[in-house]
Amino acid sequence: MKIRLGYACVPVTIDETSSHTLTYTNYKKLGKMANIKLDKVIKSNFEALEKILKYNIRNDIKFFRMTSELLPLFNHPDVHYDFFNQYKENYKRIGNIIKENNLRLDMHPSAYTVLNSVNPTVVESTINILKNYQKMYEYMEIDSIVVLHVGSKVNGKKAGIKRFIENFNKLDENTKKLIVVENDDKSYNIRNVLNLCEKINRPVVLDYHHFKLNKNNEKIEDYIEKIFNTWDKTPKIHFSSPKDKKDKRSHHDYINSDDFIEFIEKIKFVNRDFDIMIEAKKKDEALFKLIRELKYKTDYKIDGTTITL
């Protein structure tokens, strides 16, 4: 049973980010120079992403969440720009690094990506965003996913789930295959998400922090097999620690290793490989700290950032 650990978007131990931005306001101000500036920012982000992936490889990190801000203004309705053919070689290089090194890469779009919104404009925008991400993966020549929350609960959770299913069914088959659904900390708990994913035949992403904040008396041991069985491929989990006792919803800089060990011990009976996305503010530094503490506190076999039980 192998557990690979990963982190999200921006390493803190090296000075690289693939999330350089260009606002629409500044884009418009640039006039004829706008696309030249946009091209410069995009190429800078591709170069940074390549450096980050190579950094991950050197540190044996096989799992990474790519920023959804790689391409500034990518999904802006008034920006008519070739985000694909113009960067074919960039996509190809990133895809080759991922495939040649057996990396897992995925994305978690912004909170404005709401498939079950009651606002038709937001739904239309969300569908376009998802199609664009699918196209991005196609240009990279990789098979990957996009993590969504169920979203709005206007008119109640049943109505929210119904809207999600209706709008999911508007997607083409390739875009449907992108989507995995995560439980959240306030509205849609793990039972709601399991019920939804059973109906749309898509995987469930367990966020254990959210699970603990949004449950009655459920035990994760009673759900973990059902969650993992929604996956044809290696399941993924999100794990974070609360900032403090007053602010339990925000993420801590690091991971509480005792809580992490307790979680692993609760679910290891499934005896199945899975990946864990560490959601901590200190990113890769938090991952490395957790590994050091696991080596000290457990007899787990640890190779780089992969745990074997």
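No hydrogens, no waters, no symmetry mates; every other heavy atom, side chains included, goes into these values. Start at 1 with the first residue, then count along the sequence. Note that this is a predicted model, so its numbers are computed, not measured.
With sequence neighbours left out, the side chain to side chain donor-acceptor pair (under 3.5 Å) criterion links Ser240 to His209, His251. Among residues two or more places apart in sequence or in another chain, the salt bridge (charged side-chain N to carboxylate O under 4.0 Å, His left out) test is passed with Asp273 by none.
No more than 12 heavy atoms of other residues, nucleotides or ligands lie within 6.0 Å of NZ in Lys37, so this atom counts as exposed by the packing criterion. More than 12 heavy atoms of other residues, nucleotides or ligands lie within 6.0 Å of NZ in Lys99, so this atom counts as buried by the packing criterion. The 12-atom threshold is exceeded at CG of Asp78, counting heavy atoms of other residues, nucleotides or ligands nearer than 6.0 Å. Other residues, nucleotides and ligands contribute over 12 non-hydrogen atoms within 6.0 Å of the NZ atom of Lys297. Environment of CD in Glu198: sparse, with no more than 12 heavy atoms of neighbouring residues, nucleotides or ligands closer than 6.0 Å. Shown here is Asn169, whose CG atom has more than 12 heavy atoms of other residues, nucleotides or ligands within 6.0 Å. Under a cut-off of 6.0 angstrom, the local environment of CG in Asp82 is crowded, with over 12 non-hydrogen atoms contributed by other residues, nucleotides or ligands. The number of heavy atoms from other shown groups lying within 6.0 Å of CE (Met1) is above 12.
Not one N or O on the side chain of Thr113 forms a donor-acceptor pair closer than 3.5 Å with the backbone of Pro109. Checking side-chain atoms of Thr67 against main-chain N and O of Cys9 turns up no donor-acceptor pair under 3.5 Å. Not one N or O on the side chain of Lys226 forms a donor-acceptor pair closer than 3.5 Å with the backbone of Leu194. A donor-acceptor contact shorter than 3.5 Å links the side chain of Asn59 to the backbone of Tyr55. In terms of modelled atom types and a separation under 3.5 Å, the side chain of Thr298 and the main chain of Leu294 share a donor-acceptor contact. No donor-acceptor distance shorter than 3.5 angstrom exists from the side chain of Ser117 to the backbone of Val114, with no hydrogens or angles considered. Judged by distance alone, the side chain of Arg202 and the main-chain N or O of Lys177 form a donor-acceptor pair under 3.5 Å.
Asn45 pairs with exactly one of His20, Glu69, Glu50 by the side chain to side chain donor-acceptor pair (under 3.5 Å) rule, that one being His20. With respect to Phe239, the side-chain contact (heavy atoms from CB on, under 4.5 Å) criterion is satisfied by exactly one of Ile264, Ile255, Asn256, Leu290: Ile255. Remark: of the listed residues Thr234, Asp275, Asp60, Asp275 is the sole one forming a side chain to side chain donor-acceptor pair (under 3.5 Å) with Arg4. Partner Thr23 forms a side chain to side chain donor-acceptor pair (under 3.5 Å) with one of Thr25, Asn26, Thr21 and no other, that one being Asn26.
When the side chains of ILVMFWY residues are joined at heavy-atom separations under 4.5 Å, either directly or via intervening members, Ile261 and Met277 end up in two distinct hydrophobic clusters. Phe63 and Val147 fall into different hydrophobic clusters, where Ile, Leu, Val, Met, Phe, Trp and Tyr are joined by side-chain heavy atoms under 4.5 Å apart, directly or via other members. Grouping the Ile, Leu, Val, Met, Phe, Trp and Tyr side chains by contacts below 4.5 angstrom, directly or via other members, places Leu178 with Ile165. Linking ILVMFWY residues whenever their side-chain heavy atoms come closer than 4.5 Å, directly or via other members, leaves Ile145 and Leu53 in distinct clusters. Val122 and Val146 fall into different hydrophobic clusters, where Ile, Leu, Val, Met, Phe, Trp and Tyr side chains are chained together by heavy-atom contacts under 4.5 Å.
A donor-acceptor contact under 3.5 angstrom links the side chains of Asn85 and Tyr139, judged on distance only. With no hydrogens or angles considered, a side-chain donor-acceptor pair links Asp247 and Ser250 at under 3.5 Å. Side-chain atoms of Asn116 and Asn167 form no donor-acceptor pair, as typed in the model, at a separation below 3.5 Å.
From Glu182, atom CD reaches atom CZ of Phe211 across 14.0 Å, with rounding to the nearest 0.5 Å. We find the CD1-OG1 distance between Ile3 and Thr308 to be 8.5 Å, quoted to the nearest 0.5 Å. Atoms CE and CG, from Met107 and Leu105 in turn, are 7.5 Å apart once rounded to the nearest 0.5 Å. Put simply, NZ on Lys40 and CG on Leu38 are 12.5 Å apart, with the number rounded to the nearest 0.5 Å. In this structure, the separation between CD1 on Ile224 and NZ on Lys219 is 15.0 Å, given to the nearest 0.5 Å. The distance from the NZ atom of Lys131 to the CG atom of Leu171 is 7.5 Å, given to the nearest 0.5 Å.
Geometric assessment of Lys289 against the ring of Tyr254 yields a positive cation-pi assignment under the 6.0 Å and 45° thresholds. The cationic atom of Lys135 (NZ for Lys, CZ for Arg) lies less than 6.0 Å from the six-membered ring centre of Phe84 and within 45° of the ring axis.
Under the 4.0 Å criterion applied to side-chain N and carboxylate O atoms, Lys92 and Glu89 are not assigned as salt-bridge partners. Note on Glu225 versus Arg272: no salt bridge recorded, every NZ/NE/NH1/NH2 to OD/OE distance being 4.0 Å or above.
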Applying salt bridge (Lys or Arg N to Asp or Glu O under 4.0 Å), run through Lys43 and Asp39 and close with a yes or a no. CA-CA 6 Å; Lys43 285 177 178 175; Asp39 175 67; 3.3 Å; yes

Test side-chain hydrogen bond (donor to acceptor under 3.5 Å, both in side chains) applied to Asn35 and Tyr27, step by step: CA-CA 8 Å; Asn35 286 346; Tyr27 177 82; 2.5 Å; yes

Take Glu16 and Lys51, measure what salt bridge (Lys or Arg N to Asp or Glu O under 4.0 Å) needs, and give me the verdict at the end. CA-CA 8 Å; Glu16 292 292 345; Lys51 289 176 182 177; 3.7 Å; yes

The test is side-chain hydrogen bond (donor to acceptor under 3.5 Å, both in side chains); show your working for Asp172 and Thr175 and say whether it passes. CA-CA 5 Å; Asp172 62 78; Thr175 308; 2.9 Å; yes

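Taking the six-membered ring where tryptophan is involved, the planes of Phe74 and Tyr133 are tilted, since the angle between them lies from 30° to 60°. Between His76 and Tyr24, the ring-plane angle classifies as parallel under the 30° and 60° cut-offs.
When side chains are defined from C-beta on, Ile127 counts as touching Leu115, because their heavy atoms get closer than 4.5 Å. Counting heavy atoms from C-beta outward, Val205 and His238 have side chains that approach closer than 4.5 Å. Side-chain contact check for Tyr112 versus Thr126: every heavy-atom pair is 4.5 Å or farther apart. Counting heavy atoms from C-beta outward, Leu148 and Val180 have side chains that stay 4.5 Å or more apart.
Between Phe46 and Tyr91, the distance separating the two ring centers is shorter than 6.0 angstrom.
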List the atom pairs, with distances to 0.1 Å, where a side-chain N or O of residues 184-193 and a protein N or O form a donor-acceptor pair under 3.5 Å, not counting sequence neighbours.
| unit_1 | atom_1 | unit_2 | atom_2 | d |
| --- | --- | --- | --- | --- |
| Asp184 | OD1 | Lys186 | N | 2.9 |
| Asp184 | OD1 | Ser187 | N | 2.5 |
| Asp184 | OD1 | Tyr188 | N | 3.2 |
| Asp184 | OD2 | Tyr188 | N | 3.1 |
| Asp185 | OD2 | Arg249 | NE | 3.1 |
| Tyr188 | OH | Ser152 | O | 2.7 |
| Asn189 | OD1 | Arg191 | N | 3.1 |
| Asn189 | OD1 | Asn192 | N | 3.0 |
| Arg191 | NE | Glu218 | OE2 | 2.5 |
| Arg191 | NH2 | Glu218 | OE2 | 3.2 |
| Asn192 | OD1 | Lys157 | NZ | 2.9 |
| Asn192 | OD1 | Asn189 | N | 2.9 |

